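See structure below.
If you're wondering where the values come from, they're calculated on a predicted model, not measured in any experiment. Every heavy atom of this structure was used, including side-chain atoms; hydrogens, water molecules and symmetry mates were not. Whatever order the structure lists ligands and atoms in, that order sets their numbers, starting from 1.
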Amino acid sequence: MSPDLTVTDVRLTPILVADPPLLNTQGVHQPYTPRLIVEVVTADGTTGVGETYGDTKYLELARPFAERLRGRRVSDLNGLTALAGEVAVDSSRTSARVDVGGLRGVQTADKLRLSVLSAFEVACLDALGKALGLPVHALLGGKVRDAVEYSAYLFYKWAAHPEGVPAEKDDWGAAVDPAGIVEQARRFKERHGFTSFKLKGGVFPPEEEIAAVRALAEAFPGHPLRLDPNGAWSVGTSLKVADEIGGLLEYLEDPALGTPAMAEVAARTGVPLATNMCVTTFAEIEEAFASDAVQVVLSDHHYWGGLRNTRELAAICRTFGVGISMHSNTHLGISLAAMTHVASTVADLHHACDSHYPWQSEDVLTERLTFDGGKVTVPDAPGLGVELDHDRLRFLHRRWLDDDGALRERDDAAAMRIADPAWVTPAVPRW
Ligand SMILES: O=C([O-])C(=O)C[C@H](O)[C@@H](O)C(=O)[O-]
Ligand SMILES: [Mg+2]
């Protein structure tokens, strides 16, 4: 008898997970960051899990979405788009600007809907795979590699969150200069075997970040390097940096903000440009590709609308001769598993993907995923191949419930103001 795939229950659990004091151009990560865990239960008792951003603007869309999902089948993946279209988005939550404050590109109504849809799509795929006894990658057409390579995501960071701020401790130490960044890279390599490195820039004046890249190149000869200032530089500064260290870089990521500025930089340098800021929706592709503004699109299945949309994006990139890889934001093991499944099915993925996962000391899984030689083995167990730890989920949800609301929205500038009360999100270009 075939399984009854009807959705009978949907559980939404917002949580707060520990995050180290990682610096970016906007400020510093808060000690805890919001994520949303989605569980979809079918009539035959199968549960699928998904994960996405947990800020209020996502939660308020997830609730009506969950209501509408009940009674549908987890195999009705194409129907999720129409379902998302029924969910009203408050216009105060949207912005058409490529906003460095959010570090996630534009915030259109559709993109917010897709960011929520993605968690439901992943949960449905997980449930479907479990019900059919197939891994998620098989539902996407099958893996073309057995392991997916990730790069070490290096951050300037403080040793600890500001004194007096409740936070978990981390053992990475401070990294605020080239020597600190090289030491952090060494640890990443030692702990997880990563062989390519991405430095989150836009934190210090470009000369200091150039020095850090040079130090990395010297310490790890031949290892692919990337620098990502999240659009903090002018076109002139971007070109200067490209000129000085372009030869050391696999690509330069979002040096300047917005497609026109990226196109100007791209036209005047041979260094490939990657983005997770100016091409974050299907609507932004045409202008960027027509103006040759980007050479690599960093997909993020959360805001592109799931694993199947990621494959559609990959097909468009292939058609236009643009490379594809993956962006990440603070995330847990469910999303790492989802990223790994879809990445395993994209034949022309030629760059190691980004992942924040090594920075996350907490997870909601019974068993953490591991990097071996910088790679995650593609799970072959049914569904995503991961198991939710309900006690951990409850614990992290309790933290969310106990929060007075201050941490329920990611706000790196607010976190920075605790250390520097005069801090405001810097205007761009910052340099
Ligand atoms: O590649 C990127 O732009 C990111 O990973 C954006 C993130 O928000 C990153 O800047 C961070 O975690 O601070
Ligand atoms: Mg980026």
If the cut-off is 4.0 Å to any non-hydrogen atom of [X], which atoms of ligand 1 fall inside it?
| X | result |
| --- | --- |
| Asn276 | 1 (O), 2 (C), 3 (O) |
| Asn230 | 2 (C), 3 (O), 10 (O) |
| Ser328 | 4 (C), 5 (O) |
| His29 | 11 (C), 12 (O), 13 (O) |
| Phe155 | 11 (C), 12 (O), 13 (O) |
| Lys200 | 1 (O), 2 (C), 3 (O), 4 (C), 5 (O), 6 (C), 9 (C), 10 (O) |
| Lys198 | 1 (O), 2 (C) |

Any salt bridge linking [X] with [Y]? Criterion: basic side-chain nitrogen under 4.0 Å from a carboxylate oxygen.
| X | Y | result |
| --- | --- | --- |
| Arg394 | Asp391 | yes |
| Arg35 | Glu51 | yes |
| Glu250 | Lys198 | no |
| Asp228 | Arg226 | no |

Within this structure, what is the CZ-OG distance for the pair Phe188 and Ser196, rounded to the nearest 0.5 Å?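 Output value for this atom pair is 11.0 Å.
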[X]-ligand 1 polar pair, N/O distance under 3.5 Å:
| X | value |
| --- | --- |
| Asn24 | yes |
| Arg410 | yes |
| Tyr153 | yes |

Ligand 1 versus [X]: contacting region, heavy-atom distance under 4.0 Å:
| X | result |
| --- | --- |
| Met326 | neither |
| Asp228 | side chain |
| Gln26 | neither |

Suppose we screen for ring-ring contact (aromatic ring centres under 6.0 Å, His included). Which residues come up paired with Tyr150, at least two apart in sequence or across chains?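 In terms of ring-ring contact (aromatic ring centres under 6.0 Å, His included), with neighbours along the sequence ignored, Tyr150 is linked to Phe371.
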Sub-4.5 Å side-chain heavy-atom contact between Asp243 and Thr269: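 The answer is no; the side chains never approach within 4.5 Å.
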Per the ring pair (Phe, Tyr, Trp, His ring centres under 6.0 Å) rule, which among Phe155, Trp359, Trp158 passes with His29?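 Exactly one option meets the ring pair (Phe, Tyr, Trp, His ring centres under 6.0 Å) with His29, and it is Phe155.
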Could you go through the side-chain contact (heavy atoms from CB on, under 4.5 Å) check for Val49 and Leu384 one step at a time? CA-CA 8 Å; Val49 293; Leu384 289 172; 4.1 Å; yes
I need the full list of ring pair (Phe, Tyr, Trp, His ring centres under 6.0 Å) pairs touching residues 198-220, with sequence neighbours left out, sorted by first then second residue.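 Output for this query lists Tyr156-Phe204, Phe197-Phe220, Phe220-His223.
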Looking at Tyr303, does the NZ or CZ of Lys111 lie under 6.0 angstrom from its six-membered ring centre and within 45 degrees of the ring axis?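 Because its charged atom sits under 6.0 Å from the ring centre and within 45° of the axis, Lys111 does stack over Tyr303.
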Under the salt bridge (Lys or Arg N to Asp or Glu O under 4.0 Å) rule, collect the residues that match up with Asp363, sequence neighbours excluded.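 Listed in chain order: nothing, the list is empty.
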Check which protein N, O or S atoms are less than 2.8 Å from the Mg ion (ligand 2) and report how many there are.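 Atoms of protein N, O or S type lying less than 2.8 Å from the Mg ion (ligand 2) total 3.
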Look at the aromatic rings of His331 and His302 and report parallel, tilted or perpendicular, splitting at 30° and 60°.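 Taking His302 first and then His331, their aromatic rings sit tilted (interplane angle of 30° to 60°).
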Measure the distances from the heavy atoms of Met277 to every atom of ligand 1 and state whether one is below 4.0 angstrom.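 Distance cut 4.0 Å: Met277 fails for ligand 1.
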Tell me whether ligand 1 is touched by Asn329 - counting only heavy atoms on the residue side and a distance under 4.0 Å.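 Judged by the 4.0 Å heavy-atom criterion, Asn329 does count as contacting ligand 1.
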